[in-house]
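Report on the following structure.
Computed from a predicted structure; not experimentally measured. Quick note: residue numbers are just sequence positions, from 1.
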Amino acid sequence: QVQLVESGGGLVQAGGSLRVSCAAAGRTVSNYAAGWFRQAPGKEREFVAGISWSGGTKYYADSVKGRFTISRDNANNMVYLQMSVLKPEDTAVYYCAAATTFFVGRDPSDYKYWGQGTQVTVSS
């Protein structure tokens, strides 16, 4: 079993930056793909970014491309999402997810383990 715990969310002004972190405990997730999703009130959970086990392959949603960067530290079982030039529409609960395959998916069903989420609020 794997437990994922996100941290680093908060309130930031538009144009600002924030880094959210995901710590994995239990079985290692360093061998598999990981991702970040977000869910705003009244909306479905959407893909933000995904990363391969080695960190060599990364995918981003068009809405965050060029502003967000996903990374991982396998030695410490951590996954990060650096967010820059934040916009009010980035406001959501951000979830870390870990897969049990090498496939870097864009659908929530591609991931088996989920964190509890961390709130990111961007004020205008």
Side-chain angles (χ1 to χ4, degrees):
Q1 194 68 13
V2 174
Q3 296 82 40
L4 302 176
V5 179
E6 300 95 336
S7 61
L11 174 65
V12 63
Q13 287 189 330
S17 299
L18 202 62
R19 188 178 81 160
V20 290
S21 302
C22 174
R27 197 180 85 179
T28 181
V29 297
S30 60
N31 295 330
Y32 303 111
W36 286 94
F37 289 74
R38 66 187 182 187
Q39 188 166 17
K43 294 188 176 182
E44 292 188 352
R45 191 169 297 190
E46 64 172 0
F47 172 79
V48 175
I51 187 169
S52 62
W53 71 272
S54 67
T57 299
K58 301 176 184 180
Y59 297 114
Y60 298 94
D62 288 344
S63 59
V64 307
K65 202 171 293 183
R67 300 188 298 121
F68 289 13
T69 301
I70 188 171
S71 62
R72 68 190 303 166
D73 176 357
N74 286 338
N76 292 298
N77 243 5
M78 297 288 296
V79 182
Y80 304 99
L81 184 68
Q82 176 68 47
M83 302 180 288
S84 302
V85 195
L86 282 160
K87 305 175 181 179
E89 50 263 44
D90 294 318
T91 295
V93 176
Y94 282 72
Y95 296 92
C96 175
T100 55
T101 68
F102 298 132
F103 176 64
V104 185
R106 295 173 182 258
D107 191 90
S109 64
D110 295 322
Y111 296 84
K112 182 174 182 179
Y113 301 107
W114 292 85
Q116 82 291 347
T118 185
Q119 177 70 47
V120 172
T121 302
V122 184
S123 63
S124 57

message: For Trp53, I'd like to know if atom CH2 has over 12 heavy atoms of other residues, nucleotides or ligands within 6.0 Å.
response: no
For [X], enumerate each residue passing the side-chain hydrogen bond (donor to acceptor under 3.5 Å, both in side chains) test, keeping only those at least two apart in sequence or located in another chain.
| X | result |
| --- | --- |
| Asn31 | none |
| Tyr95 | none |
| Lys43 | none |
| Ser124 | none |

Minimal non-hydrogen separation, [X] against [Y], with atom names:
| X | Y | result |
| --- | --- | --- |
| Tyr32 | Ala99 | CB-O, 3.3 Å |
| Ala49 | Leu81 | CB-CD1, 4.2 Å |
| Val104 | Ile51 | CG1-N, 3.6 Å |

query: Out of curiosity, Phe47 CZ to Arg106 CZ, how far, rounded to the nearest 0.5 Å?
result: 5.0 Å
- prompt: Rounded to the nearest 0.5 Å, how far does CE of Met78 lie from CZ of Arg72?
  reply: 11.5 Å
Name each donor-acceptor pair under 3.5 Å that joins a side chain in residues 15-25 to protein atoms two or more places apart or in another chain, with its distance.
none

- request: Would you please name every residue forming a side chain to side chain contact (heavy atoms under 4.5 Å, CB included) with Gln119, sequence neighbours left out?
  value: Thr91, Val93, Thr121
Could you give all pairs that pass the salt bridge (charged side-chain N to carboxylate O under 4.0 Å, His left out) test and reach [range], with sequence neighbours left out?
| range | answer |
| --- | --- |
| residues 107-124 | none |
| residues 29-42 | Arg38-Glu46, Arg38-Asp90 |
| residues 7-16 | none |

Compile the donor-acceptor pairs under 3.5 Å between side chains in residues 82-89 and protein atoms, sequence neighbours left out, one pair per line.
none

- request: Look at the aromatic rings of Phe68 and Tyr94 and report parallel, tilted or perpendicular, splitting at 30° and 60°.
  value: tilted
task: Would you list the pairs meeting disulfide (SG to SG under 2.5 Å) in which at least one residue belongs to residues 30-84, sequence neighbours left out?
output: none
message: Applying ring-ring contact (aromatic ring centres under 6.0 Å, His included), can you list everything that pairs with Tyr80, at least two apart in sequence or on another chain?
response: none
- request: Could you check Tyr113 against Thr100 for side-chain contact (heavy atoms from CB on, under 4.5 Å), going step by step and ending with a plain yes or no?
  value: CA-CA 8 Å; Tyr113 301 107; Thr100 55; 3.7 Å; yes
query: Please walk me through it: do Phe37 and Tyr111 pass ring pair (Phe, Tyr, Trp, His ring centres under 6.0 Å)?
result: CA-CA 11 Å; Phe37 289 74; Tyr111 296 84; 5.4 Å; yes
- prompt: Does Val122 belong to the same Ile/Leu/Val/Met/Phe/Trp/Tyr cluster as Tyr60, with side-chain heavy atoms less than 4.5 Å apart forming each link?
  reply: yes
Check: Lys58 side chain, Thr69 main-chain N or O, donor-acceptor pair, under 3.5 Å: no
query: Hey, does Glu6 have a side-chain heavy atom less than 4.5 Å from the side chain of Trp36?
result: yes
